[in-house]
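To keep things clear, I will list the structure first and then write my remarks on it.
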Amino acid sequence: MHDFKYKNNRMFCEGVDIADIAKKVSTPFYLYSYSTLLGHYQKLVSAFRLKRPLICYSMKANSNLALCRALVKKGCGLDIVSGGELYKALLAGCPPKKIVYASVGKTEEEIRQAVAKEILFFNVESASELELINKVAKDIGKNASVSLRINPDVEPKTHAYITTGKLTNKFGLDLDTARQILRHKDKFSHLKFKGLHIHIGSQIIDAKPYAQALKKILAFIDKLKKDGIGIECLNIGGGLGIIYNEERPQTAKEFASQVLPALRKTSLKIILEPGRFIVGNAGILVTKVLYLKKTPLKNFVIVDAGMNDLIRPSLYGAYHEILPLNRKPETGNRKPEKVDVVGPICESGDFFAKDRQLPKVKEGDLLAIMSAGAYGFSMASNYNCRLKAAEVMVKGNSFYMARKRDSYLDLVRKDMIPEFLK
Ligand code: LLP
């Protein structure tokens, strides 16, 4: 499942002893395994080989340039949600014809940039957005290709914050509105209506909600056919769950076996846009134990990473496994202890684990917070004026910097003191 494994009780990433990286880079840092990253991408490619979809890695999961470039070099496209991601996607070397752009709130400027670059599709989320893309395309004398994002109103059984395909969510268009738009598509002189898009949520364990959504969308496509409207392309989104704890998510093969039969009967060109599935288990956050502190009620393990580095436990109550880099510290007994692993930030919500049984750790020990490749660094901030962590990539027996740690100068580079305060 991933290339973070113990050898002689020391955790290695591929062929590199992670503690050696910590000595050189200092902590906290994110660590990515190149082979795990590409391995997960390949799993999807081979599970879907009969349909040969375009896989557009969802950059929001982790937009580090080295990661994106590694995937792009293997033929992967990118799913973006902002002008910033478009900028990084192009820097990573992604051909514009492999970029799809979703977001309920694209600004005119962002639309202009993407139309100018002639990206593959805008995944359009409202009628007003469609009008604006048409206007911008007309202004700059180009045509823009669009897919309508459909909200299929299915329950993906995941955390409420990352459920996106129910009609109470802000995403996509309901079927009736989409049909009305498509019936009158000729009024959009500079738009090419190429496809439909669904994305029902994230960290989805079970393939059934996908099958349900797919059934709805294929029935809709049939209905459109009767209206004389042809659809070339179907983007079935991302959202595949990964193992954080004891969940048993669908594998790429199981997922494909649920959705491929229905898709194979069609001539639709398929797009997938997974983020977490590709990068989630390809990354860990390495942190050092600063202090151990006992209170009458708790044992706190205070580490040097905080919720500014990895906010998922604080924001979603998400579980991340925590493992010592060295399974046998020289001193201390190894009996598990119930602890809270917390960061240095001035909030009680700053924790990585609560009441977790961990092998006994001591001050100075290094810990790996597992499955942190997706929505880890990409959701990091400088809260408490903390420096964003370094990012490192291992390939084989070598490691490479993928992003420098922030410096104090980075914290103040953009601040300005008005003249009257000088
Ligand atoms: N496509 C669209 C339109 C999306 O909104 C998303 C994720 C994806 C693809 C990729 O989903 P994935 O395959 O990674 O599940 N911060 C949250 C997850 C937010 C997901 C947002 N949309 C977390 O840490 O769990």
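Sequence positions, counted from 1, serve as the residue numbers for this chain. What's counted below: heavy atoms across the whole structure, side chains too, no hydrogens, waters or symmetry copies. Both counts, for ligands and for their atoms, begin at 1 and track the order of listing.
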Item to complete: For Ser33 and Glu14, run side chain to side chain donor-acceptor pair (under 3.5 Å): C-alpha distance rounded to whole Å, both residues' side-chain angles, the deciding distance at 0.1 Å, then the answer.
Response: CA-CA 7 Å; Ser33 154; Glu14 302 187 26; 2.8 Å; yes
Discussion item. When you measure from the centre of the six-membered ring of Tyr291, is the NZ or CZ of Lys293 closer than 6.0 Å and no more than 45° off the axis?
Written reply: no
Fill in: Proximity of Tyr244 and His320 rings by center, below 6.0 Å
yes
Worksheet entry | Tyr32 side chain to Asn62 side chain, donor-acceptor N/O pair below 3.5 angstrom | yes
Item to complete: Please say whether the positively charged group of Arg327, taken as NZ for Lys or CZ for Arg, lies over the ring of Tyr6, i.e. under 6.0 angstrom from the six-membered ring centre and within 45 degrees of the axis.
Response: yes
Which N or O atoms of ligand 1 sit under 3.5 Å from a protein N or O, and how far apart is each pair?
unit_1   : atom_1 : unit_2 : atom_2 : d
ligand 1 : 1 (N)  : Asp79  : OD2    : 3.4
ligand 1 : 1 (N)  : Glu273 : OE2    : 2.8
ligand 1 : 13 (O) : Gly239 : N      : 2.7
ligand 1 : 13 (O) : Gly275 : N      : 2.9
ligand 1 : 14 (O) : Gly275 : N      : 3.4
ligand 1 : 14 (O) : Arg276 : N      : 2.8
ligand 1 : 14 (O) : Tyr375 : OH     : 2.6
ligand 1 : 15 (O) : Ser202 : OG     : 2.4
ligand 1 : 15 (O) : Gly239 : N      : 3.4
ligand 1 : 16 (N) : Tyr316 : OH     : 2.7
ligand 1 : 24 (O) : Arg312 : NE     : 2.6
ligand 1 : 25 (O) : Arg276 : NH1    : 3.2
ligand 1 : 25 (O) : Arg276 : NH2    : 2.8
ligand 1 : 25 (O) : Arg312 : NE     : 3.4
ligand 1 : 25 (O) : Arg312 : NH2    : 3.0

Response to the item:
Residues passing the side chain to side chain donor-acceptor pair (under 3.5 Å) test with Asp3, sequence neighbours excluded, are Ser35, Thr36
